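The structure displayed is predicted, hence computed values, not measured ones. Below, each value reflects all heavy atoms present in this structure, side chains not excepted, and no hydrogens, waters or symmetry copies.
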Amino acid sequence: MAAYSPNDVVTQSFQLQFSKYLNVAAVAAFLFDYCLTFSSEVHHVWGRKWEMTRIVFTISRYLPFVASAMTCYSSLPSLLSESSNHLAVMQAFYTATKLASPPTMAYGSHKD
């Protein structure tokens, strides 16, 4: 068992707390964006047929909820560090998926 210096423990504790604050801020921004664009989603997307555009939009719109749940789960203290690292990689993938597919792509071809 390795001995950690007090400075290492304080630094790691600060970094862990800072990452938790960033996760909370990211979830808050995500929910704020979701609430702002929900009415547009209902108007432009919900009445459409299930084509490729709507499927991709729906996946990119609701997949971050999975990433948010994984973020909250990974911050629980009872997890092992290995499983926490796997969750972080999966969260990064879902976040990249959300950023790579903007929600406006489903709005362009809707006809009233």
Which residues satisfy the side-chain contact (heavy atoms from CB on, under 4.5 Å) test with Leu22, sequence neighbours excluded?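 So Leu22 forms a side-chain contact (heavy atoms from CB on, under 4.5 Å) with Phe18.
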Partners of Glu51 by side-chain contact (heavy atoms from CB on, under 4.5 Å), sequence neighbours excluded?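 side-chain contact (heavy atoms from CB on, under 4.5 Å) list for Glu51, sorted by chain: Arg48, Lys49.
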Hydrophobic clusters here meaning ILVMFWY residues chained together by side-chain heavy-atom distances under 4.5 Å, can you tell me if [X] and [Y] are in one?
X: Tyr21; Y: Leu31; answer: no
X: Tyr34; Y: Val24; answer: no
X: Trp50; Y: Ile59; answer: yes
X: Tyr62; Y: Phe30; answer: yes

Taking the side chain as C-beta and beyond, is there a heavy-atom pair between Met52 and Phe57 under 4.5 Å?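 Side chain of Met52 against side chain of Phe57, heavy atoms only: no contact under 4.5 Å found.
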Within the structure provided, determine whether Gln12 and Leu16 are in side-chain contact (heavy-atom separation under 4.5 Å).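 They are not in side-chain contact.
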Main-chain N/O of Ala29 paired to Asp33 side chain as donor or acceptor, under 3.5 Å: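 Judged by distance alone, no pair lies under 3.5 Å.
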Checking side chain to side chain contact (heavy atoms under 4.5 Å, CB included) for the pair Arg61/Val45: CA distance, chi angles, key distance, verdict? CA-CA 11 Å; Arg61 175 82 168 166; Val45 178; over 6 Å; no
Please tell me whether Thr11 and Asp8 have a donor and an acceptor in their side chains that are separated by less than 3.5 angstrom.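 Side-chain D/A pair, Thr11 to Asp8: absent.
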